[in-house]
Number of protein chains: 2
Amino acid sequence: MLIRIDPGSDVALFAQVAASLRGEMAQGRLRPGDRLPAAREVGTSLGVNLHTVLRAYQDLRDEGLVDMRRGRGAVVTPRAAALSDLRAEILALGDRARALGMTADTLASLVRDSLSDGQPGTGWPEGPREQV
Amino acid sequence: MLIRIDPGSDVALFAQVAASLRGEMAQGRLRPGDRLPAAREVGTSLGVNLHTVLRAYQDLRDEGLVDMRRGRGAVVTPRAAALSDLRAEILALGDRARALGMTADTLASLVRDSLSDGQPGTGWPEGPREQV
DNA sequence: CTCATTGTTATGGTTCTTCTATAACAGTTT
DNA sequence: AAACTGTTATAGAAGAACCATAACAATGAG
């Protein structure tokens with residue numbers, strides 16, 4: 001278990017914590033059934049507020065990567081195995097992108113946008129806007 | 001040229017604009033040498049402030065995807081061709097991730113973190129923190 | 001049952017980012 | 001010369017992120 005954060009980064013702390021844990025899952029160091037360290041423990045040990053850690057845990061829960069219950073803690077779900085399944089391909093893609101002079105952030109943004117190119121769901125409060 | 005934003009999204013507007021343009025480059029609809037529409041034009045047409053658009057343009061410039069100069073505008077660089085080179089692989093990876101029940105955001109975060117697993121650069125203001 | 005542990009919820013406050021608005025400036029092109 | 005471009009400056013409003021503190025409720029160990 002290794003959680004790394006950089007307070008000087010422009011990425012939100014809770015996002016860094018969540019990303020760290022996803023990385024552990026992808027590397028197989030966190031497997032289905034494993035329990036995440038208690039949020040309070042991570043918080044104090046990391047010099048970060050309890051809620052910041054919990055926000056990260058909740059993001060992972062929303063992604064179906066962990067189950068959370070009071071008193072029991074946050075437990076890694078079987079779905080987390082999918083992350084390690086993709087690890088090799090992600091690294092390969094990263095190598096190619098790096099060779100083309102692309103940063104990790106650029107590739108990540110490109111991945112997010114390329115996949116959500118589908119039509120947005122209905123019922124928007126303000127609706128999306130376009131510019132041609 | 002198609003720029004799409006969703007004011008209700010949790011993603012920052014400037015990031016959406018930048019992501020849209022990256023997508024255009026990946027699809028080959030924006031090629032090296034092409035000029036991006038003027039920031040003011042995009043702003044008014046999109047109902048968004050000039051600076052919000054410029055922030056997106058500057059991000060693309062920092063990634064080496066466009067060159068910017070006063071009076072001339074923002075011009076797509078040769079490096080942008082790399083995006084379309086990776087498009088097929090990104091879509092393939094996205095399909096696999098989707099089949100495993102993974103969202104685009106999850107995959108994007110995983111990509112960003114898996115690639116930046118290397119040692120952080122030196123000279124941090126506060127230094128990164130770890131938790132074992 | 002008792003009790004320590006864990007996530008959950010609530011409240012309030014500070015700081016930072018994002019977005020907007022307006023204006024002037026300085027290269028580039030026509 | 002004039003229209004168009006990104007650049008810089010200033011200032012404000014709104015929201016997100018983060019922190020601090022406290023109480024609550026489910027779980028598991030003893």
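A, B, ... follow the sequence lines: proteins, then strands. Residue 1 opens every chain.
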Would you please name every residue forming a side-chain contact (heavy atoms from CB on, under 4.5 Å) with B:Asp67, sequence neighbours left out? B:Thr77

What bend angle does the helix from C:dC1-D:dG30 to C:dT30-D:dA1 show across its length, from five-pair end axes and to the nearest 10 degrees? 40°

Partner of A:Leu30 by side-chain contact (heavy atoms from CB on, under 4.5 Å), out of A:Leu2, A:Leu65, A:Leu21: A:Leu21

Is any side-chain heavy atom of A:Gln58 closer than 4.5 Å to a side-chain heavy atom of A:Leu54? yes

Under 4.0 angstrom between B:Arg72 side-chain N/O and C:dG27 OP1 or OP2: no

With sequence neighbours left out, the residues meeting salt bridge (charged side-chain N to carboxylate O under 4.0 Å, His left out) with B:Arg29 are B:Glu24

State which residues pass side-chain contact (heavy atoms from CB on, under 4.5 Å) with B:Ala19; sequence neighbours excluded, sorted by chain then number. A:Asp113, B:Arg22

Between B:Val75 and B:Leu36, does a side-chain contact (heavy atoms from CB on, under 4.5 Å) hold up when you go through it step by step? CA-CA 6 Å; B:Val75 180; B:Leu36 267 53; over 6 Å; no

Round to a whole Å and report the spacing from CG of B:Asp10 to P of C:dT18. 13 Å

Below 4.0 Å from chain A heavy atoms, what is the first contacting nucleotide of DNA chain D and what is the last? D:dA17 to D:dG28

Quick one: does B:Leu107's side chain get under 4.5 Å of A:Ile90's, heavy atoms only? yes

Listed partners of B:Arg96 passing salt bridge (charged side-chain N to carboxylate O under 4.0 Å, His left out), at least two apart: A:Glu89

Can you tabulate the close N/O pairs, meaning under 3.5 Å, that link protein atoms to atoms of nucleotides 9-16 of chain C?
residue : atom : partner : partner atom : Å
C:dA10  : N6   : A:His51 : NE2          : 2.9

Please list residues of residues 29-38 of chain B whose heavy atoms come under 4.0 Å from any atom in DNA chain D, ordered by number; otherwise none. B:Arg35, B:Ala38

Pairing residues for A:Glu41 by the salt bridge (charged side-chain N to carboxylate O under 4.0 Å, His left out) criterion, not counting sequence neighbours: none

A:Arg55: salt bridge (charged side-chain N to carboxylate O under 4.0 Å, His left out) partners, not counting sequence neighbours: A:Asp59

Tell me, please, which residues at least two apart from A:Asn49 pass side chain to side chain donor-acceptor pair (under 3.5 Å). none

Just how far is it from atom CG of A:Asp6 to atom CG of A:Leu13, taken to the nearest 0.5 Å? 9.0 Å

What side-chain donor-acceptor pairs closer than 3.5 Å can you find for residues 99-106 of chain A, not counting sequence neighbours?
residue  : atom : partner  : partner atom : Å
A:Thr103 : OG1  : A:Thr106 : N            : 3.1
A:Thr103 : OG1  : A:Thr106 : OG1          : 2.8
A:Asp105 : OD1  : B:Arg112 : NE           : 3.0
A:Thr106 : OG1  : B:Glu63  : OE1          : 3.4

Determine the contact category for A:Arg40: base if any of its heavy atoms lies under 4.0 Å from a base atom, sugar-phosphate if only primed atoms, P, OP1 or OP2 are that close, otherwise nothing. base

Residue whose closest nucleotide on DNA chain D lies nearer the 5' end, B:Arg61 versus A:Thr52: B:Arg61

So which one's nearest nucleotide on DNA chain D is more toward 5', A:Arg69 or B:Ala39? B:Ala39

